[in-house]
Amino acid sequence: MKTVTNEISKACSVIPGKMALPNQYFAGRVGSRFIISLRDSKKILGVKCPKCKTVYVPPMECCQKDMTKIDENWVELGDTGVLVNYTVVNYRDAHLPRKTPYILGMIQMDGAEATLVHLVEGVDPQNVKIGMRVKVVFAGKTTNTILDIDHFEPIEE
Amino acid sequence: MSQKKNRNVGIAGIGMTEISSHKENQNQPEMINEAVRAALADAGIALRDIDCVIHGNMELFEMVHQPDMWHVIGTGALEKPSFRITTGGTTGMTLIAAADNLVASGMYDIVMAIGFNKLQEAGSTTGGITNMADALWYRHLQTGALTSTSANVTIEEIGEERARRAAMKYRIMMDKHACLNERAHRRLGLEYDQIENLMKNSPPLIGELRLIHMCSQSDGACAMILASEEKAKKISKKPVWIRDHIAIHREETASNAYFPILSENSHRVAARKLFARNGITNPIEYFDVFEMYDPSAWWGIEWLRDFLLLDGDQVIKMVEDGEFDLDGKLPVNPSGGVTASNPISATAMLKPAEVALQMRGDAGRHQLKREVKHGLASGFGGVMWTELMILEKDLDWQGDNNG
Ligand SMILES: [Zn+2]
């Protein structure tokens, strides 16, 4: 943060602040089952709406289209999918998960309609293409978060 | 005169989750969705019938910002007009006031309002509140929502012993009501013979305020569906009507009770104006129930005096005589109030919700024995932000001078 150092600031006090409050987030039954399966069996689970057949990954308690409760209707997905969109992150900031530049992708897992946001590695940002087939690379160490998937990488075909 | 309303608005659906200390089994949108489903089921309508969804919480508590953006998966606002309101503790009531305005204006026929907080996800609610205070004058000194000012004022007026007894009697009365309410969070089973013991032994928080006096930290959500008169009559067997509401607010930390810039606090101003424009001269006679946002037992006894426009020790005498019990002259907080249940941004919405359930006869074990025709509900937030609302069982007040 930059402190104001103009004429006015000599007469006007600036009080620095930093908000830091502890907090936690309850992932809930549905989110927890996904993370536990990912962590313990390296399996990616989705839920399927029995009414409109939409498959959601990340899983949701209710279908977004018709509000049907779908949290009991689990389906196991493979570890492959298609890159339906992407962006290249160039700016640098402390909160970012990787050194820039890196690729942030939207991946539609095979058999699912909803898309998962994740990192795409193993391809130069200049060569990344929509429609690329990609597969999961699991993280070596668990963090009990979506980063138990370390990243996606292109499938050589 | 009542505020000019383009058309009448009724409460057509009410849904709430159980209020508890923590809900690990649900994330935020899932908890909200439970209340939304309950409200839709109560109204007997589907999500497609809702024209607009409004949503609110105090976001500093969960430390998740702009939750309305991603809560759509729980609110059901997909492809619907939707916005978020946040006015501190008052949020739940402001949402109902806004929903009423949106429907009364003719903008929408059916509006769903959702209030929630998951306070177990907050590491420090009082820490969060200090971040709302002015950074130069108050942030470094603020004690969050904990204050003893009310207690000091009451003690100065009527003496230590009588004031402490009245506050504790009020607290135990609230617990007795909560014990009958299966949705209430804290149901402690307190008895009046514990007054002496609690006055001495409940852990002190600040000044005269002890742990037992203070509201809980709860998780929960409430959703209410408001509809135009025509639609409300069509979809609900027992619509409850929103007659009028008023919001009065001001900064009161600087102008506190010992250096009053104004002679009345925002509650008394709200009550005076609202009753006057509705022709209600004796609120204790007129109303059959009052659900009041009472963050602590000390505030409870002080604010009852303001809302009911009482003077001197009249309100203390009424507490002592049990006039605010379920079978008293004016039952206060049959739900058990905020000292029992406080999922903050659902809290103020639970007030009109409870009044409506009492009018419908659907309150459950804490249903009042008397017929509830006229109800009052209040919300409170920030540094004296008052929302006060009159609810009616029948659409018969127009042109009337009541009370
Ligand atoms: Zn569906």
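Note on naming: letters A, B, ... go to the chains in the order of the sequence lines (proteins, then strands), and numbering restarts at 1 for each one.
- The minimum heavy-atom distance linking A:F26 with B:D219 is given by the pair CE1-OD2, 4.1 Å.
- If you measure heavy-atom distances from B:L78 to chain A, the contacts under 4.5 Å come from the side chain alone.
- Contact annotation for B:K23: only backbone heavy atoms (N, CA, C, O) come within less than 4.5 Å of a heavy atom of chain A.
- By the neighbour-count criterion of 12 heavy atoms within 6.0 Å, atom CD of B:Q66 is densely surrounded, having more than that number from other residues, nucleotides or ligands.
- Other residues, nucleotides and ligands place more than 12 heavy atoms under 6.0 Å from the NZ atom of B:K80.
- In this structure the side chain of A:Y25 reaches within 4.5 angstrom of the side chain of B:Q28, judged on heavy atoms.
- Considering CD of B:E24 and CD of A:Q24, their distance stands at 8.0 Å, rounded to 0.5 Å.
- When atom types are taken as modelled, the side chain of B:N25 and the backbone of A:R29 share no donor-acceptor pair closer than 3.5 angstrom.
- Note on B:N33, B:V72, B:V64, B:L47: by heavy-atom pairs under 4.5 Å with chain A, the leading option is B:N33.
- Note that the CG atom of A:L21 and the OG1 atom of B:T126 stand 9.0 Å from one another [nearest 0.5 Å].
- Chain A forms more heavy-atom pairs under 4.5 Å with one residue of B:M31, B:Q26, B:R48, B:E62 than with any other, namely B:Q26.
- Between A:K69 and B:R37, the closest side-chain pair of non-hydrogen atoms falls below 4.5 Å.
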